[in-house]
There are 2 protein chains.
Amino acid sequence: MAPKRIMPGKIRLAEVAKLAGVSPITASRFFRNPQALSAGKRARVESAAKELGYVPNLAARALASQRTEVIGVLIPSLTNNVFSDVLRGIYDALDGSRYSIQLANTRYSILQEERLLRLFLAQKPAGLIVTGINQTADSRAIMETVDCPIVQIMEIGPSPVDMMIGFSHFDAARAAIGHLLAQGYRRIGFLGARMDPRVQRRLDGYRAAMSDAALLDPQLIVTTAIPTSVTLGGTLLADLLAKAPDIDAVFCVNDDLALGALFECKRRHMAVPGQLAIVGFNDLEFMASSEPTLSSVRTNRYEMGRNAAAMVIETLEGRRPAEPVVDLGFSIMERQSSARRG
Amino acid sequence: MAPKRIMPGKIRLAEVAKLAGVSPITASRFFRNPQALSAGKRARVESAAKELGYVPNLAARALASQRTEVIGVLIPSLTNNVFSDVLRGIYDALDGSRYSIQLANTRYSILQEERLLRLFLAQKPAGLIVTGINQTADSRAIMETVDCPIVQIMEIGPSPVDMMIGFSHFDAARAAIGHLLAQGYRRIGFLGARMDPRVQRRLDGYRAAMSDAALLDPQLIVTTAIPTSVTLGGTLLADLLAKAPDIDAVFCVNDDLALGALFECKRRHMAVPGQLAIVGFNDLEFMASSEPTLSSVRTNRYEMGRNAAAMVIETLEGRRPAEPVVDLGFSIMERQSSARRG
DNA sequence: CAATCGCGTGGTAGCGCTGTCAATATCGGT
DNA sequence: ACCGATATTGACAGCGCTACCACGCGATTG
């Protein structure tokens with residue numbers, strides 16, 4: 001005899017349909033496209049579902065419809081609080097929607113990213129959010145053939161795979177240097193860690209600004225591939241001071257380095273900004289309440305995540321955003337650590 | 001005529017089985033329980049799968065087997081870097097395994113947690129990781145009837161739903177106060193934000209230690225429901241100093257508050273630890289490189305996440321951990337900010 | 001030597017939902 | 001009153017995989 005794996009007491013769509021006095025397919029439509037039903041049936045199905053406590057089986061739905069309601073998110077790091085802000089934005093945007101997140105960590109490796117991308121795509125995600133614009137050629141090719149909305153976040157560039165939201169790291173860094181120049185600083189050092197593509201572009205922005213002012217000097221630049229930390233900020237500043245003792249300011253590629261640099265100054269009894277001005281990047285919360293308060297480049301990370309997720313959802317719902325590339329910009333937060341010189 | 005939705009060129013298990021010259025069911029077994037196959041067929045299926053680039057359809061698998069390979073994770077906050085360390089541990093532990101993570105944010109609400117729990121459970125997760133031991137009665141009841149491994153993380157308590165990994169916040173706070181007392185401090189303030197259950201237990205630990213030393217004074221305690229931040233640390237310290245100007249030390253329930261308190265001291269030209277000793281909680285990276293370096297209570301957050309995920313996997317694979325409750329402990333990191341008095 | 005056991009394998013039928021298309025009901029216009 | 005167009009609804013089959021059982025075969029047992 002044929003084995004019947006009956007699930008006793010389980011509430012399926014069929015039960016809801018039966019209670020509502022409609023066919024299963026009509027009940028199904030209620031969940032996917034409610035306005036296609038007449039008001040009467042809509043109400044009946046709704047109350048039947050509520051009464052029975054119906055919860056759709058996502059696996060069955062995914063199998064039958066050949067797509068999922070999962071948005072894949074690829075970020076390079078879970079440690080970096082920059083990404084936790086972005087993630088928070090993404091989760092907030094999806095809260096209450098039918099979509100959920102599948103998160104994966106590329107660890108700043110584009111090969112790892114490609115592997116994860118293939119893994120995600122095999123499960124037919126509803127959409128994809130990827131970090132940055134430096135994917136492998138294969139990754140890019142794959143993404144271009146996939147027919148789900150894709151948003152590249154954190155930065156903007158010339159040729160989006162699909163959509164893009166972020167800001168110009170080059171411009172932001174250049175503006176930060178512009179601010180220091182305007183405040184009267186001349187020997188402006190650069191502290192960089194990890195040196196991922198976006199940090200690299202900040203370095204390019206620094207170079208451009210310094211070069212335009214005829215102040216570029218390789219001695220002013222200290223970088224490392226080591227992941228960033230507050231401790232590292234102190235170490236790098238020490239290195240920089242050894243190479244170029246006459247610096248009057250430092251631009252740090254992130255706020256952790258800036259904080260570490262500040263502590264290093266305290267340790268050396270160097271006045272900030274009296275002897276050394278400091279500017280960070282990202283404008284994390286603590287920058288506004290340190291002593292002295294630390295100048296930084298504010299980036300809109302939460303909004304980036306939130307809008308990226310919103311763009312995916314809008315596209316999925318047929319309301320494709322008018323502008324596929326969104327520049328969220330940045331702003332220079334001028335605080336005590338970069339007060340006008342002298 | 002019946003509509004056939006044929007998927008052209010798609011590689012299904014049937015294709016793999018055909019190429020390997022076995023039945024689909026044998027091919028299926030290869031992926032679920034390889035050692036049940038004879039060596040010959042195992043090799044044949046393996047090479048066939050590789051040759052065709054077969055990727056299993058997770059939705060079909062979930063539908064047919066009535067379970068998923070998803071481990072649900074409920075955490076209260078995405079912002080708090082304490083949780084990002086835990087998450088990193090979880091993701092690292094699952095890396096390379098067949099399991100994936102479904103993450104949800106309870107925003108410190110146990111009602112929200114209950115809602116998310118129901119949502120997760122409806123999709124039959126392979127396992128569950130939840131934060132803390134303060135669930136609603138309903139949540140607890142639900143969890144106790146579910147037959148998947150569940151790990152409660154961040155703290156330990158008397159009656160685990162299933163498994164548990166963490167440490168005693170009470171003991172940790174009491175030990176921190178014990179350290180300050182041993183260093184000669186007597187008027188020790190308490191700074192608390194958010195006041196979630198774990199922070200509450202730290203307060204209890206503080207109270208116990210102070211009470212044992214006959215030093216407890218309500219004026220020494222400043223708490224708020226506001227979420228924590230560095231800025232808030234400064235504000236709370238200012239409040240405390242207004243209430244009790246004669247304090248000689250502060251215990252902060254987390255490191256952000258401690259950093260904020262440090263900056264507030266600098267602003268007031270109060271020497272640390274000369275006029276005020278500071279001890280934080282969690283031992284985030286910056287605590288060791290501030291000026292002065294800040295004492296803290298080290299908690300093993302990464303290990304907590306990593307072990308929690310490992311415990312779930314072990315249970316799923318039939319190797320249930322010998323000890324269902326794991327105390328990861330803590331350690332007092334004694335640094336400059338709580339140097340011996342005088 | 002027959003009865004039993006267990007391993008490796010395959011056949012069959014469904015898991016719960018939705019795509020496709022046909023069928024019916026409703027409606028305005030002539 | 002008739003026609004075609006539009007809104008609603010339903011029947012059917014199948015998405016890709018696995019649970020359940022059956023079966024054949026050699027090994028074990030008394």
Side-chain angles (χ1 to χ4, degrees), chain A residues 1-45 48-49 52-69 98 122-124 126, chain B residues 1-45 48-49 52-69 98 122-124 126:
Chain A
M1 198 53 239
K4 308 268 174 190
R5 279 168 287 160
I6 3 89
M7 301 280 137
K10 167 147 344 147
I11 288 120
R12 304 192 311 296
L13 195 52
E15 274 72 49
V16 175
K18 196 169 174 185
L19 179 63
V22 300
S23 73
I25 201 67
T26 301
S28 167
R29 258 188 287 260
F30 168 76
F31 292 99
R32 287 173 296 132
N33 189 17
Q35 62 269 34
L37 300 211
S38 61
K41 304 224 171 185
R42 181 159 56 229
R44 296 235 299 285
V45 175
L52 295 172
Y54 171 71
V55 182
N57 181 322
L58 264 37
R61 182 179 285 178
L63 180 59
S65 67
Q66 295 293 322
R67 55 193 156 68
T68 64
E69 285 164 354
R98 63 199 305 175
Q123 304 311 325
K124 305 191 212 311
Chain B
M1 200 50 241
K4 309 266 176 193
R5 281 167 285 157
I6 2 88
M7 299 282 135
K10 168 149 344 147
I11 288 123
R12 303 192 311 294
L13 194 52
E15 275 71 51
V16 176
K18 194 167 172 186
L19 180 62
V22 299
S23 72
I25 203 65
T26 301
S28 166
R29 258 189 286 262
F30 169 76
F31 292 100
R32 287 174 295 133
N33 188 15
Q35 63 268 37
L37 300 208
S38 61
K41 303 221 171 182
R42 181 159 56 233
R44 295 235 300 285
V45 175
L52 295 173
Y54 170 70
V55 182
N57 181 322
L58 265 34
R61 180 178 287 178
L63 180 60
S65 67
Q66 297 292 322
R67 55 194 155 67
T68 64
E69 285 164 354
R98 62 197 306 175
Q123 304 310 327
K124 304 192 211 311

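Chain naming here is simple, since letters A, B, ... match the order of the sequence lines and numbering starts at 1 in each.
- Each end of the helix from C:dC1-D:dG30 to C:dT30-D:dA1 gets its own rotation axis from five pairs of C1' atoms, and the angle between them is 30° to the nearest 10 degrees.
- With C:dT18, D:dG16, C:dC17 as the candidates, the nucleotide lying closest to the side chain of A:Ile25 is C:dT18.
- Contacts of A:Ala62 with the nucleic acid, taken as non-hydrogen atoms under 4.0 Å apart, are absent.
- Within the model, atoms OG of A:Ser23 and NZ of A:Lys41 stand 7.5 Å from one another, a figure rounded to the nearest 0.5 Å.
- Side-chain to base pairing of A:Arg32 with C:dG19: no donor and acceptor N or O lie closer than 3.5 Å to each other.
- In this structure, CG of A:Asn57 is placed 18 Å from P of D:dC15, rounded to the nearest angstrom.
- Here the options are B:Val22, B:Val45, B:Leu37, the test is side chain to side chain contact (heavy atoms under 4.5 Å, CB included), and the partner is B:Arg29; only B:Leu37 passes.
- Comparing B:Val22 and A:Ala59, the nucleotide of DNA chain C nearest to each residue sits closer to the 5' end for B:Val22.
- Close to D:dC17, at under 4.0 Å from its OP1 or OP2, lies a side-chain N or O of B:Tyr54.
- A sub-4.0 Å separation between OP1 or OP2 of D:dT8 and a side-chain N or O of A:Ser38 is absent.
- Looking at the side chain of B:Thr26, the nearest of the listed nucleotides D:dG16, C:dC17, C:dT9 is C:dT9.
- Here the C1' atom of nucleotide D:dC15 and the CZ atom of A:Arg67 are 13 Å apart, to the nearest Å.
- If you take CG of B:Leu13 and P of C:dG11, they are 14 Å apart, rounded to a whole angstrom.
- In this structure, CD of B:Gln35 is placed 13 Å from P of C:dT9, rounded to the nearest angstrom.
- Note that CZ of A:Arg98 and CZ of A:Phe31 are 10.5 Å apart. Values are rounded to the nearest 0.5 Å.
- Here the nucleotide nearest the side chain of B:Leu63, chosen from C:dG16, D:dT9, C:dG8, is C:dG16.
- Salt bridge B:Arg12/B:Glu15: present, at least one basic N to carboxylate O contact under 4.0 Å.
- Nearer the 5' end of DNA chain D, as judged by each residue's closest nucleotide, is the contact made by A:Lys41, out of B:Val55 and A:Lys41.
- A:Gln66 has its CD atom 18 Å from the P atom of C:dG16, to the nearest Å.
- A:Ile11 pairs with exactly one of A:Val16, A:Asn57, A:Val55, A:Leu19 by the side chain to side chain contact (heavy atoms under 4.5 Å, CB included) rule, that one being A:Val16.
- Taking every side-chain heavy atom of A:Ser23 into account, D:dG10 is the closest of C:dG19, D:dC17, D:dG10.
- Formation of a donor-acceptor pair under 3.5 Å by the A:Thr68 side chain with backbone atoms of A:Lys124 is found in this model.
- Taking atom NZ of residue B:Lys124 and atom C1' of nucleotide C:dC15, one finds them 10 Å apart after rounding to whole Å.
- One atom, CZ of B:Arg29, and another, P of D:dC20, lie 13 Å apart when rounded to the nearest Å.
- As judged by a 4.0 angstrom heavy-atom cut-off over every strand, B:Phe30 is placed among residues making no nucleic acid contact.
- Between the NZ atom of A:Lys18 and the C1' atom of D:dT9 there is a distance of 20 Å, rounded to whole Å.
- Between the side chain of B:Gln123 and the main chain of A:Pro56, a donor-acceptor pair closer than 3.5 Å is present.
- Applying the side-chain contact (heavy atoms from CB on, under 4.5 Å) criterion to A:Arg67, with sequence neighbours excluded, gives A:Ser65.
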